[in-house]
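Shown next, in structure tokens, is the structure this report addresses.
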Amino acid sequence: MALLAAILIALTALLHVGFLVLEMFLWTKPQGRAVFHMTAERAETTRVLAANQGLYNGFLAAGLLWSLLQPEPAFALQLKVFFLVCVIVAAIYGAWSVKPRILLVQGGPAMLALLFVLLAS
């Protein structure tokens with residue numbers, strides 16, 4: 001159970017690293033525009049906002065990776081729960097404010113990870 005939780009946390013962290021790359025570095029490029037279905041003009045006008053959002057996704061990824069590397073089990077559990085809940089809240093807000101699919105893409109792995117973290121503790 002703990003191994004599955006760790007795998008799901010790592011997957012969630014990798015997804016957020018991917019979001020960071022898309023939002024900070026590929027936003028105005030053809031790949032980023034295709035993912036987010038944007039014109040070049042729209043991508044350019046929202047570039048700074050997207051980079052800021054990407055940075056936050058990077059912080060979430062860093063926190064999740066920290067939770068996996070933390071040697072103190074009680075503190076590691078607190079980190080896992082905190083950062084997974086942060087991801088889930090961000091996914092709920094994204095689903096409400098942007099597109100419902102965000103809840104599945106961003107929140108799904110985090111919800112599964114949180115479930116397995118709680119079952120393993």
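The first residue of the sequence shown is numbered 1, and numbering continues consecutively from there. Note: hydrogens, waters and symmetry copies are ignored here, and every other heavy atom, side chains too, is used.
- In this structure, W66 has its ring center no closer than 6.0 Å to that of F59.
- For the pair H16/Q106, a side-chain contact is recorded, criterion being any heavy-atom separation below 4.5 Å from C-beta on.
- Ring planes of W96 and Y93: tilted class, angle from 30 to 60°.
- Looking at heavy atoms from C-beta onward, L11 lies out of side-chain contact with I7 at the 4.5 angstrom threshold.
- Under the 4.5 Å side-chain heavy-atom criterion for Ile, Leu, Val, Met, Phe, Trp and Tyr, L118 and L79 are members of the same hydrophobic cluster.
- Among all heavy-atom pairs drawn from R33 and T28, the shortest one is NH1-O, 2.9 Å.
- Separating the SG atom in C86 from the CG atom in L64 is a distance of 9.0 Å, to the nearest 0.5 Å.
- Side-chain atoms of N52 do not come within 3.5 Å of backbone N or O of V48 as any donor-acceptor pair.
- Cluster annotation: L55 is not connected to F19 through the hydrophobic network of ILVMFWY side chains, with a link wherever side-chain heavy atoms come within less than 4.5 Å.
- M38 contributes atom CE, which lies 8.5 Å from atom OG1 of T45 (distance to the nearest 0.5 angstrom).
- Distance check: K99 NZ to L104 CG gives 11.5 Å after rounding to the nearest 0.5 Å.
- Each of L14, L4, L84 was checked for a side chain to side chain contact (heavy atoms under 4.5 Å, CB included) with I9, and the lone residue meeting it is L84.
- With rounding to the nearest 0.5 angstrom, the CG atom of L68 is 11.5 Å from the CZ atom of F83.
- V35 and M24 fall within the same hydrophobic cluster, defined by Ile, Leu, Val, Met, Phe, Trp and Tyr side-chain heavy atoms under 4.5 Å apart, directly or through other members.
- Not a single donor-acceptor pair under 3.5 Å links the side chain of T46 to the backbone N or O of L49.
- Residues W27 and V21 form no side-chain contact, since every pair of their non-hydrogen atoms from C-beta on lies 4.5 Å or further apart.
- Under the 3.5 Å distance criterion, the side-chain polar atoms of Q70 are left unmatched by any main-chain donor or acceptor of A76.
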